[in-house]
Amino acid sequence: MNFRRHRAILLAYLGMIVLLLLTSVVAPGFLSATHLRSTAVLAAFIGIVALGQTFVIIGGGIDLSVPWVLNCAAVLMTLLAGSQNAPLVWIMPLLLAAGALVGMVNGLGVALFGVPPIIMTLAVNVILQGGILVYTGGAPTSTAPQAIQFLAVGRILGFPVILILWIALAVIATVLLSKTAFGRHLYAVGTSATVAEFSGVPTLRTTVLAYTLSGFTAALAGMLLTGYTAQAYLGMGDPYLFTSIAAVAIGGASILGGSGHYIGTIAGALVLTILTGLLPALNLSSGALLIVYGVVILITVSLASEAISSLFAFLPRFGRRQSPSA
Amino acid sequence: MTDLLTAAAVTKSYGGITALSRADFSARAGEVHALLGENGAGKSTFIQILAGAVRPDGGQVHLAGSLYRPRNPQAAQDAGISPVFQELSLIPDLTVEQNIWFRREPLSVARTVRARALREATEALFARHQFPTIRPDQELRRLTLADRQLVEIAKALSSDPKVLILDEATSALGPRETDWLLGLSQGLARAGTLVIYISHRLGEVRQIADRITVFRNGATVAAYDTKAVDDETIIADMLGRRMDRLYPERKPTATERVAVRLRGFGVGHRLDGIDLDLREGEVLGVAGMQGHGQRELFQALFGIGGARGSVEIWGKTKTIRGPRQALTGRDGLALVPEDRRNHGLLLSRSVRENLTLSVISRFTRFGITDPKREGKLVDEMISALKIKAGTPEQLAGTLSGGNQQKVIFGKMLLTEARILLLYDPTRGIDVGTKGEIFQLMRDLAAKGYAILFYSSDLAELVHVADRVAVLRNGRLAAILEGDDNSERQILRAAMIETRAA
Amino acid sequence: MTMATLEHQPDGAATRQGRAAFWRGRLLAQASLIIPCLMLAALLALYGSLREGVFTIDELNLDTAAAMTLLLAATGQTIVLLRGGIDLSIGGMISLGTVLAATRFGSDPAQAAAWAFGIAAIGALVGALNGALITVLRLQPFLVTLATWSILSGTAMIILPTDGGSLPAGWMKFGFSQWLGLSSSVWLLLLLLAFWFWFKRTRLGISIRATGSNERSAFLSGVSPLGINVATYGLSGLFAALAALYLTTQTGAGSPTIGKDYILPSVAAAVIGGISLFGGRGGLVGTIIGAYILTIIGNLVFVLEVSSYWQPIVSGIILLIAVLASSIAEKSARRSLT
């Protein structure tokens, strides 16, 4: 384990633990199993959207299209299913594929046509926004099918289904990042696309795949969120732009790409959710929450920055020996 | 006459690598003073010290009698020393005139740049020095490399320097602009400026320089009046006597089998009509002064930048459109690139990840990487190449230059490609590692690898390569073999131009 | 790399072919401005064919009033983009500006004026802080301004949790007042243009663009990293505050959430107008055209009597076309050089 490289991720978990301890002081009921469970469930939605975002950011990009990919999937699912469970069998795979396809378009725009990621995904986001608004006429109020509500709020042996799903996704993401050629290539492309190209890395395929994954997880989160709120509504995806990027940043990834891990993002998602849950207990408004979010982001990214880490140069560097010639 | 600029025992080293061991220099106002030496002799470091971009470790420089220690390039400019570097310091999105006067623009009462005054100053500058035609309102990024070099010269002249340093300023210029610059240098000298002139072209030096100082291995070895010395002496001084034990024994291992056959190979305007055969078991050297097409040759073979002409790899016609089409296992080509930090290594990733980046499939089963098999490959490479890293997890950016280069070698060797394109692989590397790399190259050749090897250090080509192809102006000037494969012959072929020099 | 020619062409090769190639190169070089101009012309032609009175002063007054908040926000964003950065915090600043105006102006004109200056100063100060954080902590502008966006939005919500508040009647008259037949917004636009033609010629204006174009060269030539970032983001914050003040003359209320509607459109207007996200390239004229394009799209959707939801779709497509077209033009311009 390389302390320096994983320091940002360790810091995110350290921050989370400190936050939990703090919480137990100011709001004693907070550490109960019930409350922790509901916090984890809420974090799962952020965590799932942020999964794709993590891959895109590690690859040196950013995905601003998640809000309306999420929203489109949610709205289309309720409209197509019409509260029926049976059609979900084909609707869910179809919408997941559609989300992936949107992501693929993003990736091709970025990697093949050289459109800056911010612009490409921003344009796709507003096009989707307009598209779903035109399609629904602006006022969809379909309720979510029972089956999807089971996925979002149901339990198996007392354990929330969505947490099982999140854990499964986290395992897959971790394997993809740490144990596959795709993961290796992604870090390489995010660190230096030129070096990756010179090393024979399939840069185009790697970038497109990252965005595709982001489209997929945004669509999945949208459908699950519908199950949680029991219905789809327009604008439900908007908060997830900020939270998905914030979770990745708090989780220790550099916005420039090439570093970070989904394991860190999980901590990021949990930190954001704990903060959200903590503030009502402290009688603070949603405005205060936004301020706290901003301060937390500033602190975490500062701690991970080189300027600050040079202040900690006196700390022992675990597992890192200086080469004699360096 | 007293000297305007004197340097005594200036030293500089970078992380254990000595760039200047003892540089002495003295030059008068009103002369063109040529500074000669091979690549890596320390000329660049020396002029960077003069220009305030690098601080010396020891020694003293005096300018006009007082101690000269510029804190930064600005201070050097203020003291009257203006450098024209090869690596340009211009801003692509500003116009020619904005670049020339950047941060020194004439301002109006409203604190805006007076466009007319700026134009007049530019035109006056151009007229005074009879610049070739450049439109002052052109954006810099729209100019050719040659024109950008002219702008860089104009920028240096705009502050009316006491000392003008021209570092290989003619290498990007065409014949007409070169003649102009030579005339300009002499004119400035006559008007009292000291012009320090660095060039690989002996003809130019002879034409304009009043005096010559020769650097070798970071030290001053000789200083002459130009009239009192002949070309052979200068070349002999530049080369000196070398330690030959650096180089391994060279046994011919080439077979008749052709690994790479090029016919009519070319890239843009930079490289044309190259016919070349690289054989199995051969180390084929490539020589040429900076910017004469060797970079294009290597990159195009690796699929970077379009190429024309026919390429046969192991007897089969092949079109290589990208590194992925070059790195195709045993029948492929691998490149050790020129720019280690930007093209070769992921500095912020570990030695292990860098080594195996191109060969992940070699230790992947059912899509999952196997750390044990990866570790074996990594350990093999680390011990075979004697890479000095604390652990394979050490970040590549924290290694010494030589070890970084070994990691790049290792990455390419793991691809098992038997055609290796090595672009200046020993640049900036300590002597010990150099020797190891040469030994490795000969060993690989003996195993049937075919190696194309460019080096900016001629001695390496002479001692390691079986044959040397010399490029000049993007064309094959000569292929030297046996006794003809000498530094003298290479320099002749590379430097002595067809036009009267 | 393919730009250099070893053999120079003889001077004054004034062949017809050479001249044609020269003008083609010049044209392509300006493509990033010509493309949005053509787009705006096409949209205006379509708009004019569908409705009477498009090419009148009244329409100009109306459209400029509609575009002005975006224009002011995009002016700041333009300066930041030229530096090679991005400023997401303008969203928070605009929200904060409107709620401060709606809660602090009161009915005393002197107090209102003092607060108006105060809001502008807060904007500049917050922006300068962004610039300082980015430089001193060596952080990415995207993340720093994302965080300050959140902080400013939160502050705005605490001051005024929901839309509301009130502004002096005289303040809101500003948007409807006219002089010499031109509305205050059009005069403001002219002022903005005057500012720009002054600013881009100042040493600071040139240095901001130079730093965005090539940071290393600029710093080597004596540009101060801290100074340039403080100035760049400070100006962006100032313009965001001005956008907020203008917005309140239109809406007559404060809103703690309205700012986020201007963040990405401000980037879009600039990018449609030919400003490169990589810095150094473009100008405010392009951004103004971009902002008008986005505004006219809204008008068009209205007169075509289709759902207003078509507006984002068309905007998104226009944005993509603009980026792709200028990147293709830039590539051919580079090719026509060699």
Side-chain angles (χ1 to χ4, degrees), chain A residues 62 64-65 68 109 113-138 234 238 241-242 245-246 248-250 254-256 284-310, chain C residues 86 88-89 92 99 133 135-161 256-257 260 263-265 267-268 271-272 276-278 301 306-324 327-328 330-331:
Chain A
I62 195 151
L64 306 184
S65 73
W68 286 94
F113 296 105
V115 181
I118 290 181
I119 297 302
M120 186 67 210
T121 56
L122 166 65
V124 165
N125 191 48
V126 292
I127 291 170
L128 288 177
Q129 176 186 8
I132 197 69
L133 286 169
V134 169
Y135 179 70
T136 58
L234 295 169
D238 285 347
L241 178 57
F242 178 82
I245 296 171
V248 177
I250 293 172
S254 158
I255 203 82
L256 293 178
L284 289 176
S285 65
S286 53
L289 177 65
L290 286 181
I291 296 177
V292 171
Y293 273 177
V295 171
V296 167
I297 293 174
L298 272 184
I299 291 174
T300 46
V301 296
S302 301
L303 286 177
S305 94
E306 278 174 45
I308 296 294
S309 68
S310 57
Chain C
I86 194 162
L88 307 179
S89 74
V99 301
L133 283 174
T135 321
V136 176
L137 295 178
R138 280 181 254 158
L139 296 177
Q140 278 307 301
F142 189 96
L143 283 181
V144 169
T145 58
L146 186 79
T148 44
W149 166 34
S150 191
I151 292 171
L152 293 170
S153 303
T155 312
M157 280 180 140
I158 289 174
I159 294 170
L160 188 69
T257 54
K260 69 176 185 332
I263 303 171
L264 296 175
V267 178
V271 169
I272 291 175
S276 161
L277 279 186
F278 303 110
V301 166
V306 295
S307 155
S308 67
Y309 303 135
W310 280 96
Q311 187 181 345
I313 303 180
V314 179
S315 309
I317 292 169
I318 293 262
L319 176 61
L320 282 185
I321 292 175
V323 173
L324 283 174
S327 97
I328 289 166
E330 178 62 26
K331 267 181 203 151

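Letters go in sequence order (proteins before strands), and every chain restarts at 1.
Minimum interatomic distance between L298(A) and A147(C) (heavy atoms only, all atoms of both residues): CG-CB, 3.6 Å. In this structure, V126(A) and G316(C) approach most closely via the heavy-atom pair CG2-CA, 3.6 Å.
Heavy atoms closer than 4.5 Å to chain A are found in both the backbone and the side chain of I317(C). I62(A) touches chain C through its side chain: at least one heavy atom from C-beta onward sits under 4.5 Å away, while N, CA, C and O do not. Only the side chain of L277(C) comes within contact range of chain A, judged by heavy atoms closer than 4.5 Å. Heavy atoms closer than 4.5 Å to chain C are found in both the backbone and the side chain of S286(A). Contacts of I118(A) with chain C are made by side-chain atoms alone, with heavy-atom separations under 4.5 Å and no backbone atom involved. Residue contact with chain A, scored on non-hydrogen atoms closer than 4.5 Å, involves the side chain of L133(C) exclusively. For a residue to count as touching a neighbouring chain, one of its non-hydrogen atoms must lie under 4.5 Å from one of that chain's; by this rule L289(A) does not touch chain C.
Under the 4.5 Å side-chain criterion, counting only non-hydrogen atoms from C-beta, T136(A) is not in contact with Y309(C). You'll find the side chain of I119(A) reaches within 4.5 Å of the side chain of V267(C), heavy atoms only. V323(C) has its side chain within reach of P116(A): a pair of non-hydrogen atoms, C-beta onward, lies under 4.5 Å apart.
Counting heavy-atom pairs closer than 4.5 Å to chain A, the top-ranked of the candidates V314(C), I313(C), L324(C) is I313(C).
In this structure, CG in L146(C) is found 5.0 Å from CZ in F242(A), a value given to the nearest 0.5 Å. To the nearest 0.5 Å, atom CD1 of residue I297(A) and atom CG of residue L139(C) are 12.0 Å apart. Atom CG of residue L319(C) and atom CE of residue M120(A) lie 9.5 Å apart, to the nearest 0.5 angstrom.
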Review item, side-chain donor-acceptor pairs of residues 149-158 of chain C, under 3.5 Å, at least two apart:
unit_1	atom_1	unit_2	atom_2	d
W149(C)	NE1	S153(C)	OG	3.3
S150(C)	OG	L290(A)	O	2.6
S153(C)	OG	W149(C)	O	2.8
T155(C)	OG1	I151(C)	O	2.7

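When each of V301(A), T300(A), L256(A) is checked for a side chain to side chain contact (heavy atoms under 4.5 Å, CB included) with L143(C), only V301(A) meets the rule.
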